[in-house]
K.L.:
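Let me begin by handing over the structure; questions about it come next.
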Protein chains: 2
Amino acid sequence: MTIMTVRPYSQALDRLRAVGLRPTRQRLALARLLFDGGDRHISAEQLHSEAMAGNIRVSLATVYNTLHQFTEAGLLREIVVESGRSYFDTNTSDHHHFFYEKTSQLCDIPPDLIAVTRVPSAPAGHTIRRVDVIVRVDG
Amino acid sequence: MTIMTVRPYSQALDRLRAVGLRPTRQRLALARLLFDGGDRHISAEQLHSEAMAGNIRVSLATVYNTLHQFTEAGLLREIVVESGRSYFDTNTSDHHHFFYEKTSQLCDIPPDLIAVTRVPSAPAGHTIRRVDVIVRVDG
DNA sequence: GTGTTTGCAAAGTGTTTGCAATTTA
DNA sequence: TAAATTGCAAACACTTTGCAAACAC
């Protein structure tokens with residue numbers, strides 16, 4: 001039995017087309033999970049579990065590949081806060097993060113709530129790629 | 001053949017005593033490698049290699065244990081910049097980092113060269129543990 | 001059809017753990 | 001000697017890879 005639900009329009013297909021990634025079943029399904037629910041911070045294993053829960057057959061290897069392709073294409077931003085696990089942020093605009101160490105949860109800090117001033121210029125021969133600010137909170 | 005060199009006084013023993021860690025041969029040797037050469041950013045495997053190169057017999061497991069004990073004791077600070085590898089900073093004072101993505105090298109940014117202003121207060125029920133700023137540069 | 005993408009299972013990397021043997025105080 | 005520490009090897013968690021089968025255009 002299949003229950004059909006009316007869903008809001010998904011931007012997944014558009015996003016894939018915009019960056020020139022072939023909209024395969026797996027990529028589309030993952031893109032929907034990632035982008036149709038507002039800003040998310042998610043690990044590969046979490047995304048894979050969600051896919052399984054939603055009856056989307058995707059291998060974990062494909063989830064990893066897809067997350068990296070999306071990141072390279074600029075649809076995602078990778079965040080490193082714990083050694084041994086990567087998170088991917090669907091919000092690719094300029095902002096920073098709270099990290100709840102106990103629960104391993106990430107939470108956006110809007111750019112107007114925090115400011116890094118006087119960023120030193122990059123050492124000779126180097127370019128600043130990004131400035132990451134992680135505010136680590138306990139509890 | 002062994003070449004003896006005159007070395008400056010090592011603070012390793014004092015540091016271990018100060019934090020109440022039993023000064024075993026391994027801990028002393030690692031503390032010397034860590035603290036007698038100025039500020040360092042080092043991974044467990046790197047430290048283990050240095051120990052081997054210096055004819056100090058320490059197992060990798062002990063290097064990991066020791067790094068964590070030192071970190072808990074406040075002698076080191078752990079820095080996460082790449083998923084899958086931890087670095088330990090012998091400089092535990094308040095400062096931030098350049099991270100050279102190509103070479104995976106870390107470099108201190110003195111606190112007076114960078115400033116995070118308007119750090120948002122921690123969400124209710126939480127305390128800010130630390131604010132990490134990573135300036136990622138390529139090359 | 002042709003080149004791309006997928007899934008699987010195996011391999012890889014960095015880290016942690018259990019426990020007997022050793023060392024320290 | 002009693003308690004803490006070490007080393008080993010196995011276990012771990014997460015991630016990547018190689019390659020044949022499946023898929024998209």
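Because only heavy atoms are used, hydrogens play no part in the values below, and waters and symmetry mates are left out as well, while side chains stay in. Below, chain A is the first sequence line, B the second, and so on; all start at residue 1.
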K.L.:
Once you round it to whole Å, what is the distance between C1' of dG14(C) and CG of Leu60(B)?
P.N.:
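From Leu60(B) CG to dG14(C) C1': 9 Å.
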K.L.:
Look at all strands and tell whether Ser86(A) reaches a base, only sugar-phosphate, or nothing, counting heavy atoms closer than 4.0 Å.
P.N.:
sugar-phosphate
K.L.:
Rounded off to whole Å, could you give me the CG-to-C1' distance for the Leu16(B) and dA4(D) pair?
P.N.:
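Result: 14 Å.
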K.L.:
Any side-chain donor-acceptor pair under 3.5 Å between His126(A) and Asp138(B)?
P.N.:
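No, because no side-chain N or O of His126(A) sits under 3.5 Å from a partner of the opposite role on Asp138(B).
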K.L.:
Please report the distance, rounded to the nearest Å, between NE2 in His48(A) and P in dC14(D).
P.N.:
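Checked: the NE2 to P distance equals 13 Å.
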K.L.:
Please determine, by modelled atom types, if His41(A) and Asn91(A) share a side-chain donor-acceptor pair under 3.5 angstrom.
P.N.:
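Checked: His41(A)/Asn91(A) side chains show no N/O donor-acceptor pair below 3.5 Å.
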K.L.:
Figure out the CD/P separation between Glu82(A) and dT13(C), and round it to whole Å.
P.N.:
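Interatomic distance, CD of Glu82(A) to P of dT13(C): 22 Å.
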K.L.:
Among side-chain atoms of Thr66(B) and Gln26(B), is any donor-acceptor pair under 3.5 angstrom?
P.N.:
no
K.L.:
Using atom CG of Leu30(A) as one end and atom P of dG7(C) as the other, report the distance to the nearest whole Å.
P.N.:
9 Å
K.L.:
Find out if a path of hydrophobic residues (ILVMFWY) with successive side-chain heavy-atom gaps under 4.5 Å connects Val116(A) to Phe98(B).
P.N.:
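Yes, one cluster joins them.
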K.L.:
As a test of reading the structure: which of dT15(C), dG7(D), dC14(D) is closest to the side chain of Tyr64(A), going by heavy atoms?
P.N.:
dC14(D)
K.L.:
For the helix from dG1(C)-dC25(D) to dA25(C)-dT1(D), what is the angle between the axes at its two ends, each from 5 pairs, rounded to 10°?
P.N.:
30°
K.L.:
How do Val58(B) and Ser43(A) order along DNA chain D: which one's closest nucleotide is nearer the 5' end?
P.N.:
Val58(B)
K.L.:
Within residues 18-29 of chain A, find the residues that approach DNA chain D with a heavy atom at under 4.0 Å, and present them sorted by residue number.
P.N.:
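The stretch gives Arg22(A), Pro23(A) as the residues lying under 4.0 Å from the strand, ordered by number.
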K.L.:
How are the rings of His68(B) and Tyr64(B) set relative to one another: parallel (under 30°), tilted (30 to 60°) or perpendicular (over 60°)?
P.N.:
tilted
K.L.:
With respect to the phosphate group of dG7(C), does any side-chain polar atom (N or O) of Thr62(A) fall under 4.0 Å of OP1 or OP2?
P.N.:
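Yes, such a contact exists.
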K.L.:
For the pair made of CZ in Arg57(B) and C1' in dT22(C), what is the distance, rounded to whole Å?
P.N.:
11 Å
K.L.:
Gln69(A) has an atom CD; how far is it from atom C1' of dT15(D), in whole Å?
P.N.:
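In whole Å, dT15(D) C1' and Gln69(A) CD are 15 Å from each other.
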K.L.:
Could you give the CG-to-P distance, from Asn65(A) to dC14(D), as a whole number of Å?
P.N.:
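Taking atom P of dC14(D) as the reference, CG of Asn65(A) is at 18 Å.
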K.L.:
Run the salt-bridge test on Arg77(B) and Asp132(B) with the 4.0 Å N-O cut-off and return the result as yes or no.
P.N.:
yes
K.L.:
Is the phosphate of dT16(C) approached by His68(B) (side-chain N or O, under 4.0 Å from OP1 or OP2)?
P.N.:
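For dT16(C), OP1/OP2 do have a side-chain N/O of His68(B) under 4.0 Å.
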